[in-house]
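What you see below is based on every heavy atom in this structure, not just the backbone, and it leaves out hydrogens, waters and symmetry mates. Letters go in sequence order (proteins before strands), and every chain restarts at 1.
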Amino acid sequence: QATQLLFELSREGRRAHRLGDLDVPAVDASDLFDSSELAESAPPLPELAEGDVIRHFVGLSTLNMSVDTHFYPLGSCTMKYNPKRNERIASLPGFLNVHPMQDESGLQGLLQLLYELQGMFAEISGLPGVSMQPAAGAHGELTALFVAAAYFREQGSDRNVVLTADSAHGTNPASAQMAGFKTKTVKSNCDGLVDLEDLKAKLDDKTAVFMLTNPNTLGLFDRQIAEINRLVHEAGALIYLDGANMNAILGITRPGDFGADLMHYNPHKTFSGPHGGGGPGAGPICVRDFLTKYLPGPIVTRTENDNATGDEDRYMYHLTRPSEDSIGRVRSFFGNVGVLVRAYIYLRTYGGDGLRHVSEDAVLGANYLLSKVKHFLDVPHGDRCMHEFVASATRLKKEKKLSAMDIAKRILDYGFHAPTVYFPLVVDEAVMVEPTETESKQTLDAFVEALFRITEEGEELIHEAPHSTRISRPDDVTAARRPILKWSDAAGESAS
Amino acid sequence: QATQLLFELSREGRRAHRLGDLDVPAVDASDLFDSSELAESAPPLPELAEGDVIRHFVGLSTLNMSVDTHFYPLGSCTMKYNPKRNERIASLPGFLNVHPMQDESGLQGLLQLLYELQGMFAEISGLPGVSMQPAAGAHGELTALFVAAAYFREQGSDRNVVLTADSAHGTNPASAQMAGFKTKTVKSNCDGLVDLEDLKAKLDDKTAVFMLTNPNTLGLFDRQIAEINRLVHEAGALIYLDGANMNAILGITRPGDFGADLMHYNPHKTFSGPHGGGGPGAGPICVRDFLTKYLPGPIVTRTENDNATGDEDRYMYHLTRPSEDSIGRVRSFFGNVGVLVRAYIYLRTYGGDGLRHVSEDAVLGANYLLSKVKHFLDVPHGDRCMHEFVASATRLKKEKKLSAMDIAKRILDYGFHAPTVYFPLVVDEAVMVEPTETESKQTLDAFVEALFRITEEGEELIHEAPHSTRISRPDDVTAARRPILKWSDAAGESAS
Amino acid sequence: MSYLFHTEDDRREMLKSIGAESIDEIINAQVPEEVRLKRALDLPPACDELTLTAEMTRLAARNASADSHVCFLGGGAYDHFIPAAVDEIASRGEYYTSYTPYQAEVSQGNLQVMFEYETLVTQLTGLGVSNASLYDGGSAATEAVLMSLAMQKGRKKVITSDVVHPQYRDILVAYLENIDAELVVVPSDENGHSKPIMDAVDDQTACVLIQHPNFVGQLESVAEIAAAAKQSGALTIQVFDPVSLGRLKRPGDMGVDIAIAEGQSLGNPLAYGGPYLGIMACREELVRRLPGRIAGQTTDRRGKRCWVLTLQTREQHIRREKATSNICSNQTLLALRATVHLSLMGPKGLQETADHCIAKTAYAKEVLAQSDRFEIVGDGPSLKEFVVRDQAADVAGLLAHARAHGVLAGIDLNPMCPGGSEASQASIALPSRYENCFLVAVTEKRSRAEIDRWGKVLCEAPAMATV
Amino acid sequence: MSYLFHTEDDRREMLKSIGAESIDEIINAQVPEEVRLKRALDLPPACDELTLTAEMTRLAARNASADSHVCFLGGGAYDHFIPAAVDEIASRGEYYTSYTPYQAEVSQGNLQVMFEYETLVTQLTGLGVSNASLYDGGSAATEAVLMSLAMQKGRKKVITSDVVHPQYRDILVAYLENIDAELVVVPSDENGHSKPIMDAVDDQTACVLIQHPNFVGQLESVAEIAAAAKQSGALTIQVFDPVSLGRLKRPGDMGVDIAIAEGQSLGNPLAYGGPYLGIMACREELVRRLPGRIAGQTTDRRGKRCWVLTLQTREQHIRREKATSNICSNQTLLALRATVHLSLMGPKGLQETADHCIAKTAYAKEVLAQSDRFEIVGDGPSLKEFVVRDQAADVAGLLAHARAHGVLAGIDLNPMCPGGSEASQASIALPSRYENCFLVAVTEKRSRAEIDRWGKVLCEAPAMATV
């Protein structure tokens, strides 16, 4: 059946939304405004009935895999179960329909929540300064680098180099560049950890920040962390922790305790999201005491309420504007509050002990998969990992022309989302698997079974996979060479 | 991929819902209750995690066709678009979380709504007495027959026969039997309308009620209605109207105006439902003045409020208990209020004029389909209809062994729900199509095209249809002969 | 117009295909002039979504709800907690906008849910078979009686007790009025137990209908009553409370033949009384008289396990007047909610819920014992519901006072007692011992603070009458 | 534990397969003893759904919302009506629990939505190309500036006006601080128009950033400014209001090169400021510098039309430090909401919404004109937003009074004026003419009764200071 575009469903004169009659005197726009300001006609949007719209978008939704429908072991993305209570509570009008320019006196409930959440982020990270303004992980990275830059600027320092690991997420160097830094790459050693010699060689009096992912994108916790901590700080630089992999270490170890001076969280990953098809996320950052004054604001603070009538109003909560030294804003308004509210509910649901169990089960699941997968796929970095691991299809590629991409495509036919492939760059034909703690052993077993079967299947079957999806192997090259980025009436395109 | 049952997913010790610690002193049930009253263990329900439950039921949902996903031309069922505003408004806590035993003084908003809805039902039907207690159409039928029985009982009459049309829904005779009546069937004539001679022959001083469906299940409005009205009433009987087909005549004609003394509505059909997979519905009934006192209650009434402070509390609304003559209750509490609230929102959305347009477009759509379908399928009862029509596959069956059921099964492959088949019983190999007013011409055209293609397709292809669904042609006979009505651990069943 | 699709062009093209000038022409050819409505319907004018949403929000806000008030009302409908996951599932269009699964191939979702629901009900009740649901608890009780009468041709007597839900009895009266059967309502003993019913059972008795825990919150001697009924060849029907089965013995384990329940408390909102969920389970031998839809397991033409509607020869669309019942819908959406709810609960969750109800109810009784004005009526322990006598004989005033203070404190039993507005005949009245009493339900949702507040409001209420 | 799956049996079997005695053993082998946390995290204890839902409901009720109060606040976030159909779609798990469409075969839903969104944005703006969304309006404005700087190597000057949203300028300052660029904020004229900006454009100017309608609700001479910029070889960036395009000329039709907007008003809830939707469209020639995700059309191996993420060579996961931006997420769920919203609106609905805003805003101005205390500031007509001066110079007191009467009456502009708490530097301050003023937004949602109530509350407020 054809998947038509909205624009192809449109018929002139059809309508969904309508307003009632005006209950105030009507105003003719052309009387009020200069004709040069007015459009000759309304924008050429499609014209649809409400039933059109619902069936169209409900139909499209069924073409997605999602956590609610499929196991989604996408490495580095922490596709865990998204609790339904989070959605319900975050949709209460008192959270959902609150205007960002409201006065703090009418926001005591929300500010209390945000205040407590700041405290929880600080406790989990071991870093006391918190800003919840950044809108996503990469935005948090960038913001933290702005903070570092402001710090060095105030120090009168000319440190302008950021070191990133070769296994790091691509956002690390991109953020560093946007924050005005030069970047240098630190190599991984054969264990997949930071090559200390290379780090030493690159650390100098120009180094501002070493950006570290720990556990790293290979799913390995860097056991040299104490040494890294010493080296970087002795060189006068700061350590930034990419918090993408926090799901491995909640309550087990804290970035602030192992040397990080700044970090960001991905609440849409670690604190159950949801991911929303690629967004929204949030990117709250935590920093050490001496960096707190550079944070963007506002920050939530509290004072004792002298007129308290009970527990409920024991404190007054305030939006405190950032200090003079603040880097300013990185987005409008407070931050991605909707995402933060969900993180708060998640953290309250588990509590401190529970959170440690989350990481324990995430680690257990990944190691269990690893213990099975290693029998038929190479796993270059050993048989222990934290919350994810990276296998390599190099051998299969040589022996059977079976690439990481082929595996990813074929596993879709078995009813699983694909693992992350070709990342991190330090592993050839990488297949990066992150099961998370919210999958059953039955599901993990079924996934391993499917993965194994694929390694035994015929080449042709696999090279043409997936077979069960509506489309298969789209032509990315043509898409990029001759981009079609919008529907056009004139193009005379037809659904197929 | 297997579709496992909940019970097969279960693992001992897994849990979803938990309560917190008791904030009152704990009580040991075995101290409080006699041991003979207590179960030795909790019921053997399945043990699942919340993520299990969500993925299971989200997955199952995708195996349904529904109005939100597919055109659903199921004759006699009025599968129209279910407005999303209805769902949102009906879910407001002030409607959703109201207890049925609350005092009327805390229910003024809801009672106002129900009062106004009673009035709208009366206006649309032309019958002044309304009870909204029945829970479904068939329940409304039964209730109306209870009312008729009570009326004749009070009259001291021994009328104990209900006449039903041979084209009527099966619920008509079944309800009559439950209400203590004997039933006789009135034949249809060759035009598909009531055979007046047969009606005359069967009307006598034992006849209590003639149950009429108008437009009938062939989608035909009985143009002899004035004569039927005269005949039945002159014989001293009452006319009951099966309101299943009200979607054809809203604002066009009223049952009370064409002779009905009692009727029921199907708000889940006519007033946009939704159908909920087969329920809940509602079955409000309307009756003539002289039958009002027999209605089950409570009924909502209103009085002027002497202490009114504005428009909002100008009236006080009351739950009025039924009279002494009332038949009593037919279900607990007020009725299917959630369904009624949706009907109210629907009626307010369209208003009187709009409602007439609903029926006009329903009639237009059905006649349009009829004008196309008649070229390749026999339509025994002419080329005009109201909101639905019945085609026959008799010729195709003879010529190509293509039955109504085959057509129903094959059309599923084209992405349409099947029409109703083998009903009404008066048409051989009946294919009953009701498009409703909420489908676009594009959809109707695509449906006709698919139907036409099927008549041209090869036998084998069709006899094994559907091909695109997860299952095909289940074995109904074995299901009924050796019923398996529950999952059983011992059966050692396995998913396939 | 609101949800209509056709543009003027569409209409023109469609009329052309039909061969008609106008829609009126099509209609007028069929609907005789004499019965046509010559004016517009007199309804409020069409209203847009924005305006209507605002207006309805104001209307909704004028109702006291279990959200705006603290709710201690029960009597067959309870403010139990509903996990968010239940709403998430039930709000999927594939469930709520589909219809009865006539085409099994495109209804496996609903059919499997029905089959799972039926299985859960058998697990819950300890009985062999369940249907896919009925309208509500009250009408299900009557359907169980009708089923018993049909099973036991010749026996015309239906015996029940005056502490079975008055509304359930009201329905029974309405249905039995029209058929050849006799209803006997046996008075309960002074503590509100129905044991006296045992003496009324005879060889003319088709069935005995009891409720356990009963309407006034007391437990019944179900096993004994069922044994006595069985000895006389009568069937035993028990109205049960699903939540109580977290602790109490299951109907099937006490010799009950047909168990029915209001399923609202399993994940369904209060909704001012409906739509609700009629649960019905019975012994396997009775299955062919069971009313309502039933889903069963079978295989498809490729041998795949699947589900279908089955045993349809009981139903009206095939059997017409010979059907077991006229019921042709079922409460699938509410059964779905119950299925999801029970899946989330599991055995432990259900038990925990029952335990919290028990403990909180005991605590509520204690709180009220502090005032001389109130007396707990009945000698037995309570699961979640109990009766309180207001010695000041001002129940209506008391409850109005509480409501003004944000508490729905209980259900006034006076109107249900003999002579009361809801007791139009003796067969549906409560015993007169419940005059000046109110019924209180305490679910797991009620916090200690709420119970304390309830107690405080009641104890501090002014007494308009005196003892 | 909450959402965990593994039973003790599961854990045992899994550890056995791993060859470890315990999870601790696995962890301790990797995380050195010296950095391990030796205590439990100091967080509130685990909380069950019932308790937490009740607690959060109380917390939510302590906020004044656009539901509990009548909202006249704007300033970049607006209380426009959101049809129920938008929530229905966005609450489907297939949308909100999926991730970035890395595997196109199982992400065609999201990819097609992105492609439709992009098309709708081009239809709305009259520009050739759109990305699939950015974080929010404010950061999108800065991304547009960065894009302009990158396009125009050598030109370092960024020119904007003091009536562009102060927070948007605040973001710009933060970003430009770290790179080699100069920000010039040109004062608006006495009526709040940015025409003086034209004189500041020179051959060092990379781009001109204006807002139309601007922060104080006035229209700008966009076409003239864009023409002047073009003459100097600079790009013009316009911050627009999507709803205004129901009536106003589209950015692309006025010579604008890059148009950005806050997309919140297209079906996204206020949510205390986020998550929001950054809309960005530009002329087709600029596409290879566009930040963020882009979906494009292609065909699959069988020739079927389909959609993929494309032009990824701009992005950080391929280009790393050479990427056009570090942005690797997008606001798909909010873009979905906007897509559904615009589909429901259509051209007529958008126009009707703009017309209602215009009429209601005009009416609100009239209502306030009845009081001597208030003066409307600015000479132009308003689409939905305008500035009011409180001649009694007590804006904070006035707005607090209104809030106590259930009305969120406007945004106090004092803190944004020079020396105010939100104007830490001159480049982000409003002109001092807006001292003692507040900003009012009137959307189509405000009924006449609500506007009258707003007027009454304001006019009857006690004046603490005098003129």
Side-chain angles (χ1 to χ4, degrees), chain B residues 16-17 23-24 27 32 42 47 53 57 60-61 63-68 89 92-94 97-101 106 109 135-136 138 170 173-175 177 180 221 258 275-280 328-329 331-334 336-338 351-352 360 368 371 440-441 469 471 473-474 479 484 486-487, chain C residues 5 10 14 18 23 30 35 41 43 45-46 59-60 62-67 73 89 93-94 97-100 105-106 108-110 119 135 138-139 167 170 174 178 271-275 297-298 300-301 306 310 316-317 320-321 323 326 329 331-333 344 346-347 349 351 359 363 381 448:
Chain B
H17 186 71
D23 58 356
V24 299
V27 172
L32 199 61
E47 301 177 57
V53 174
F57 288 104
L60 284 185
S61 78
L63 302 178
N64 288 340
M65 277 192 179
S66 65
V67 173
D68 275 6
I89 293 172
L92 291 168
N97 298 332
V98 174
H99 192 281
M101 300 285 232
S175 297
Q177 188 271 336
F221 192 91
F258 63 66
H275 283 78
R329 295 189 152 272
R331 55 153 290 165
S332 40
F333 311 126
F334 187 88
N336 277 355
V337 174
E360 286 177 354
Y368 177 65
S371 76
S440 67
K441 180 170 172 298
T469 50
I471 64 150
R473 306 243 178 174
I484 304 176
K486 63 172 186 282
W487 175 83
Chain C
F5 272 73
D10 289 338
M14 292 166 81
I18 296 167
I23 303 178
Q30 300 176 77
V35 300
L41 285 172
L43 299 182
L59 217 55
R62 296 190 62 212
N63 303 316
S65 74
D67 281 23
L73 308 187
I89 295 299
E94 291 92 329
T97 77
S98 59
Y99 195 38
T100 307
E105 287 91 341
V106 292
Q108 284 297 296
N110 281 331
T119 303
Y135 303 139
S139 60
Q167 295 196 355
D170 202 358
N178 296 289
Y272 195 54
Q297 180 174 314
T298 186
D300 82 341
R301 68 174 171 82
C306 62
T310 192
Q316 43 35 2
H317 66 284
R320 300 180 78 87
E321 66 273 16
N326 73 331
S329 60
Q331 307 293 90
T332 308
L333 192 65
L344 293 166
Q351 195 167 66
Y363 179 73
R448 179 182 198 133

Problem - Under 4.5 Å from any heavy atom of chain C - which part of L92(B) - result: side chain
Completion exercise
Among Q331(C), Q351(C), Q30(C), the residue with the most heavy-atom pairs under 4.5 Å to chain B is Q30(C)
Exercise for the section: Taking the side chain as every heavy atom from C-beta outward, state whether N110(C) and M65(B) have any pair of such atoms under 4.5 Å apart. Expected result: no
Practice task
Quick one: which of A174(C), A64(C), G93(C), G138(C) has the most heavy-atom pairs under 4.5 Å with chain B, could you say?
Solution key: A64(C)
Exercise for the section: Side-chain contact test, heavy atoms from C-beta onward, threshold under 4.5 Å: evaluate it for V106(C) versus T469(B) and give yes or no. Expected result: yes
Fill in the blank from the handout: Of all heavy-atom pairs linking R331(B) and G274(C), the shortest is NH2-CA, 4.1 Å
Exercise for the section: Please work out whether the ring planes of Y99(C) and H275(B) are parallel, tilted or perpendicular, with thresholds of 30° and 60°. Expected result: perpendicular
Practice task
Looking only at non-hydrogen atoms, find the nearest pair between T298(C) and P474(B) and report the distance.
Solution key: CG2-CB, 3.9 Å
Problem - Those residues that, when tested against E360(B), pass side-chain hydrogen bond (donor to acceptor under 3.5 Å, both in side chains) (two or more places apart) - result: R356(B), H357(B)
Practice task
Heavy-atom distances under 4.5 Å only: say whether I89(C) touches chain B with side chain, backbone, both or neither.
Solution key: side chain
Practice task
Please report the C-alpha distance between R448(C) and V24(B) in whole Å, then the side-chain angles of each, then the deciding distance to 0.1 Å, and finally whether the side-chain contact (heavy atoms from CB on, under 4.5 Å) criterion is met.
Solution key: CA-CA 6 Å; R448(C) 179 182 198 133; V24(B) 299; 3.9 Å; yes
Problem - Heavy-atom pairs under 4.5 Å with chain B, option from T97(C), D170(C), L333(C) with the top count - result: T97(C)
Practice task
Can you tell which part of Y272(C) gets under 4.5 Å to a heavy atom of chain B, answering side chain, backbone, both or neither?
Solution key: both
Completion exercise
Ranked by heavy-atom pairs below 4.5 Å to chain B, first place among P275(C), G349(C), S65(C), A359(C) goes to P275(C)
Fill in the blank from the handout: Interface check, chain B: of T100(C), I23(C), L344(C), most non-hydrogen pairs under 4.5 Å belong to L344(C)
Handout entry: chain C contact via I471(B) - side chain, backbone, both or neither, heavy atoms under 4.5 Å
Key = both
Fill in the blank from the handout: Looking only at heavy atoms, the pair that brings T119(C) and W487(B) closest together is OG1-N, 2.9 Å
Exercise for the section: Determine the option with the most heavy-atom pairs under 4.5 angstrom with chain C, choosing from G328(B), P280(B), A136(B). Expected result: P280(B)
Practice task
Quick one: list whatever passes side-chain contact (heavy atoms from CB on, under 4.5 Å) with S61(B), sequence neighbours left out.
Solution key: R92(C), E94(C), Y95(C)
Exercise for the section: Mind listing the closest non-hydrogen atom pair of F333(B) and G273(C) along with its distance? Expected result: CB-CA, 3.8 Å
Handout entry: Residue selection (most heavy-atom pairs with chain B, distance under 4.5 Å) from L73(C), V35(C), N63(C), D10(C)
Key = N63(C)
Completion exercise
I18(C) and Y368(B) have their tightest heavy-atom pair at CD1-N, 3.5 Å
Exercise for the section: Return the minimal non-hydrogen interatomic distance between V337(B) and A271(C), and the atom names on each side. Expected result: CB-O, 3.6 Å
Practice task
Could you go through the side-chain contact (heavy atoms from CB on, under 4.5 Å) check for L63(B) and E105(C) one step at a time?
Solution key: CA-CA 8 Å; L63(B) 302 178; E105(C) 287 91 341; over 6 Å; no
